[in-house]
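Report on one structure; see the data block that follows.
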Amino acid sequence: MPLFDRRDLIRSAAFGLPLMMACGRAFAAPGAANNRLLMVFLRGAYDAVNVIVPGGSDFYHEARPTIALPRPDPANPDAPLPLDADWNLHPALRESILPLWQARQITFVPFAGTDDMSRSHFETQDSIELGQSIGARRDFQSGFMGRLAAVLGAEKPISFTDQLPLCFRGGPVIPNIALGNAASRPSIDARQSALIKAMYHGQHEAGVDLESTIGQGFAVRDTVFQSIRGEMEAAGRGAITAKGFELSARRIGRLMRDQYNLAFVDVGGWDTHVNQGGAQGNLANRIGELGRALAGFVEAIGPEGWRNTTVVVMSEFGRTFRENGDKGTDHGHGSIYWVLGGSVAGGRMAGPQVKLTPDTLNQGRDLPVLTDYRGLIGGLLARQYGLSARQLGIVFPGAGISDLQLL
C-alpha cells in the first residue's frame, strides 16, 4: 500500500505550494479579470464591539466596566473616534482606517455572521469556509471560494496560508504559500523538480495531466519566491518593515497588483478571554497591527489596482457583550464585518441594526446575527462580478442574497 496517493503528491509537489484539482465546470463571469477580491479571516473571533464601538449605548459602558472605551473626546488620545451618532472607531485605527472612512472607501456591517450557534472556533470556521447551509450534510471537499473561482473562470486565485484552506477546496488549481516562510529559498532545485515531474510523465487522473499540473506548481512557487525576495531586498533600505502582518499585507498587495486577483489570508491571535484591554492593551495592539497592514496593502496595490479591489474582513463569530471576570470576553455570536475598496460605497454602517439592550442581545449574551454572511458576500459578488442568481446559488447553495449596495 503506497504511503500517499497521487493527489497527495500533487498537493505537496511544490513543497509549500499545495495544489487542488478542479472538480467542476468553470463559468466565466463578466469583467472578472479586471476585479480583485481579498478575504481576510480573523481566526479566534475578534471582539468587534471594542473596535467598532457602539458608543451611543449606555449599556455598552455598563456591561464593560474595565475594558470599555471612553466616550469620544477630542482632547483624549485614548478616546474612540466618532463615525456617526451611534458608532465610534478604536483610536488605534486613527492613522490607518479612519482615512478610508473619510474617503468613503470602507463600510462596516454590524450584526453580521452565521447561523452556526456552536460557539466553537473550529466548528464555526468550518461553517463559514464551506459556505454551505447549516444543518445540511457537509461536503468538506467544497469551499465557497473554490466554488467562486470555478464560477468566475478567468480568475487567478491564491491562498496566503500554511495549508490550502477549507474555503478553497474543490475549485481549480489553487497555489498557497505561507507568508511566514515565503522569504526562504525553495527546498528543491530545478534538477529535483524535473525528476518529480518525470515520475508522472504521461499519467492522468480525472482527465488532468499530472506532469503538467506538478510543473505549474513549481512555476508558481518560483514566481512568488522571486517577487518576495525582491521586496525583502528593498526592505533592507528601510522601505518597509521586515516583520509582522504589515509586511505580509504589502507582499499580498504587490502580488495581487501584478499576478493574482482572488485571494485569502488568515490572521490569528484574536481569542481574548483574559486581560483584553480597552484603548490600550492586547486587543488594541492587535487591531493597530491589522489597520496598518490594510493600509500597507492599499499602498502596495496602488491607486489603479485599488479602484478595482474589494477586501472583506471577517471572523468566525463575535464575543460576549459583557466582559468576564478575567477582564476579557468569551465566545459570542454576531460580529462586525468590514468591506473596503476603491469603489466601495463607504463611510457608512450597512445592514439592519437594533439598539443594544439586554433584551436585544442574542440569548442575553451577545450580538444577534441580522445579516447572514453568505447573503452579504453574495450581494457583493453580484455587484462586483455581475453573477447571476444561478451562479450565486453555486457559490452559496440555499442562501438568500442581501444586496447592501456595497459597490
Side-chain angles (χ1 to χ4, degrees), residues 29 35-43 45-46 48-49 51-52 83 87 97 100-101 104-117 124-134 143-149 151-152 165-168 262-266 294 309-318 332-354 362 366-389 391-407:
N35 288 285
R36 300 174 181 87
L37 176 65
L38 170 65
M39 307 296 297
V40 180
F41 201 117
L42 307 183
R43 295 195 189 274
Y46 89 113
V49 295
V51 177
I52 316 301
L83 297 177
W87 298 92
I97 299 302
L100 293 173
W101 176 271
R104 299 185 181 277
Q105 293 181 353
I106 185 168
T107 291
F108 299 108
V109 185
F111 306 101
T114 172
D115 289 340
D116 189 316
M117 288 291 297
T124 313
Q125 287 175 17
D126 287 354
S127 292
I128 289 178
E129 290 192 64
L130 291 173
Q132 301 164 18
S133 297
I134 301 296
F144 84 87
M145 291 195 72
R147 296 192 296 272
L148 173 61
V151 165
L152 293 176
L166 195 60
C167 66
F168 258 135
L262 182 64
F264 175 89
V265 62
D266 49 9
L294 293 172
T309 298
T310 304
V311 180
V312 178
V313 180
M314 64 169 69
S315 198
E316 62 262 37
F317 43 70
H333 188 46
S335 186
I336 300 177
Y337 282 32
W338 308 12
V339 180
L340 53 156
S343 297
V344 166
R348 64 192 178 97
M349 307 296 293
Q353 303 176 41
V354 294
N362 172 65
D366 36 46
L367 265 62
V369 170
L370 304 179
T371 297
D372 181 78
Y373 84 100
R374 300 196 303 163
L376 186 164
I377 297 174
L380 180 64
L381 296 176
R383 284 183 172 264
Q384 182 165 0
Y385 295 106
L387 298 189
S388 67
Q391 291 171 318
L392 291 171
I394 295 172
V395 179
F396 291 119
I401 301 303
S402 302
D403 184 5
L404 302 183
Q405 301 182 359
L406 298 172
L407 293 174

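The figures here come from the full heavy-atom set of this structure, side chains too, leaving out hydrogens, waters and symmetry mates.
From Leu406, atom CG reaches atom CZ of Arg348 across 6.0 Å, with rounding to the nearest 0.5 Å. Taking CD from Gln132 and CZ from Arg374, the interatomic distance works out to 8.5 Å, rounded to the nearest 0.5 Å. Considering OH of Tyr385 and CG of Leu148, their distance stands at 6.5 Å, rounded to 0.5 Å. In this structure, the separation between CE on Met145 and CD1 on Ile377 is 8.5 Å, given to the nearest 0.5 Å. Between Asp115 atom CG and His333 atom NE2 the span is 6.5 Å, to the nearest 0.5 Å. Interatomic distance, Leu340 CG to Phe108 CZ, rounded to the nearest 0.5 Å: 8.0 Å.
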- Test side-chain contact (heavy atoms from CB on, under 4.5 Å) applied to Ile52 and Leu83, step by step: CA-CA 9 Å; Ile52 316 301; Leu83 297 177; 4.3 Å; yes

- Assess whether side-chain contact (heavy atoms from CB on, under 4.5 Å) is satisfied between Ser127 and Ile134, documenting all intermediate values. CA-CA 7 Å; Ser127 292; Ile134 301 296; 3.9 Å; yes

- side-chain contact (heavy atoms from CB on, under 4.5 Å) assessment of Asn35 paired with Thr310: CA-CA 8 Å; Asn35 288 285; Thr310 304; over 6 Å; no

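Taking both residues in full, the closest heavy atoms of Gly334 and Val369 are given as CA-CG2, 3.7 Å, listed atom of the first, atom of the second, then distance. Considering all non-hydrogen atoms of both residues, Leu392 and Ala382 come closest at CD1-CB, 3.8 Å. Heavy-atom minimum distance, Glu129 versus Leu166: OE1-N, 3.2 Å. Nearest approach of Ala350 to Thr107, heavy atoms of both residues: CB-CG2, 3.5 Å. Gly332 approaches Asp366 most closely through the heavy-atom pair CA-OD2, 3.2 Å. Heavy atoms only, all atoms of each residue included: Ser335 and Phe317 are closest at CB-C, 4.0 Å.
No side-chain donor-acceptor contact under 3.5 Å links Thr114 to the backbone of Glu316. Side chain of Ser133 to backbone of Pro397: a donor-acceptor contact under 3.5 angstrom is found. Here the side chain of Arg147 pairs a donor or acceptor atom with the backbone of Leu130 at under 3.5 angstrom. The closest donor-acceptor contact from the side chain of Thr309 to the backbone of Arg36 lies at 3.5 Å or more, if one exists at all. Side-chain N or O atoms of Ser315 include one that pairs as donor or acceptor with a backbone N or O of Tyr46 at under 3.5 Å.
Two residues are said to be in side-chain contact when any heavy atoms from C-beta on lie closer than 4.5 Å; Trp338 and Val344 fail this criterion. Looking only at side-chain heavy atoms (C-beta outward), Leu152 and Leu387 come within less than 4.5 Å of each other. No side-chain heavy atom of Val51 sits less than 4.5 Å from a side-chain heavy atom of Ile336. Inter-residue side-chain proximity for Trp87 and Pro110 is flagged as met; some heavy-atom pair is nearer than 4.5 Å. For the pair Met117 and Asn362, the minimum side-chain heavy-atom distance is below 4.5 Å.
Test Leu100, Leu38, Val313 against Leu294 for side chain to side chain contact (heavy atoms under 4.5 Å, CB included) and you get one pass: Val313.
Using cut-offs of 30° and 60° for the angle between ring planes, the Tyr373 and Tyr337 rings count as tilted.
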